[in-house]
Amino acid sequence: MLKLYSLISGSSGNCSVVSDGKTHIMIDCGTSGKRAFEALKAIDIDPGALKAIFVTHEHSDHIRGVGVVARKLKIPVYATHGTHAEMGIGNIDDSQMMFVTPDIPEVINDIEITPYTIPHDAEEPCCYSFSDGRDKVTIATDIGFMSASLLSRISGSKSIILESNHDIDMLRYGEYPYPLKQRILGSFGHLSNAAAAETALELIKSGTEHIMLGHLSDKNNLPELAQMVTYNYLTDNNINVGTDVTLQVAARYDITRFAE
Ligand SMILES: [Zn+2]
Ligand SMILES: [Zn+2]
């Protein structure tokens, strides 16, 4: 069984882990190496057993600790050519630099990892789905808008960490400078609570059983609000949250495990 954990999530830092019990893979490391190792131990994974880090894009809330972890553990860092070129993670050995291509799966032991292009203001950013042949789990954050093609690719995920970045009104009337507001609201920014709710409904129709809302903005969202917007939208569309699907919000600075 594939397990997905959020170690931290939000505009302040993102780091997740996928594990089938034998093979453990980290996705992004937007925190210090020390904190990443502590979090791994807290979910009973020996950091030394980590097999690889997959990076979605070069923004600092995703790569802060990637270099340290990769150097310490001597493990490969998988990313697109664009992300590798743009992320400054210090020196890692050439043999640790692994390149992914959207839609082309990588295989590590019994886990298949597929990158998908995401609309976001970075260099060749991608999200990842993981499959053990039975279940598929996905981390889908930093997404300007949910295109039909991306939705079709992440459909069928049993569990998903889905971006619910901001409340559009909190952002519009909040303190961010106008250009930053435009960036976040634009097609290469972040998914709003309302967009997350719509995506959640489509995912549930495709078989998704567990949804964890993540990558919440510190200034333009609240965990209760994100949860409420998706909950209400699903309920209005005859989804019984708790029976048909579990819905939770990933903690900003803490480990969040999926409800079973
Ligand atoms: Zn980003
Ligand atoms: Zn981000």
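When reading the values below, keep in mind they use all heavy atoms of this one structure, side chains included, and skip hydrogens, waters and symmetry mates. Nothing here was measured: the structure is a model prediction, and the numbers come from that model. When a ligand or atom number is given, it counts from 1 through the structure's own listing order.
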Undergrad: Quick check: of its N, O or S atoms, which one does D142 have closest to the Zn ion (ligand 1)?
TA: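 D142's closest N, O or S atom to the Zn ion (ligand 1) is named OD2.
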
Undergrad: Check whether any N, O or S atom of D121 sits under 2.8 Å from the Zn ion (ligand 1).
TA: no

Undergrad: Under a 3.5 Å cutoff, is there a donor and acceptor pairing between the side chains of N165 and S217?
TA: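 Result is no, nothing qualifies.
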
Undergrad: Nearest 0.5 Å please: distance from the CD1 atom of I92 over to the NZ atom of K74.
TA: 12.5 Å

Undergrad: Can you tell whether the side chains of D121 and R183 come within less than 4.0 Å, N to carboxylate O?
TA: yes

Undergrad: Rounded to 10 degrees, what angle sits at the Zn ion (ligand 2) between D61 OD2 and H62 NE2?
TA: 90°

Undergrad: Checking only N/O/S atoms, does H59 have one that is under 2.8 Å from the Zn ion (ligand 1)?
TA: yes

Undergrad: Run the salt-bridge test on D103 and R153 with the 4.0 Å N-O cut-off and return the result as yes or no.
TA: yes

Undergrad: Less than 3.5 Å apart, any donor N or O on the side chain of H57 or E123 sitting next to an acceptor on the other?
TA: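 No donor-acceptor contact under 3.5 Å links the two side chains.
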
Undergrad: Are K205 and E202 ion-paired here, with the side-chain N under 4.0 Å from a carboxylate O?
TA: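 E202 and K205: salt-bridged.
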
Undergrad: Suppose we only count N/O/S atoms under 2.8 Å; would H57 qualify as near the Zn ion (ligand 2)?
TA: no

Undergrad: Can you tell me if, anywhere in H120, an N/O/S atom lies at a distance from the Zn ion (ligand 1) that is smaller than 2.8 Å?
TA: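 Of the N, O and S atoms in H120, at least one lies under 2.8 Å from the Zn ion (ligand 1), which means yes.
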
Undergrad: Write the atom name of the N, O or S atom in H215 that is nearest the Zn ion (ligand 2).
TA: NE2

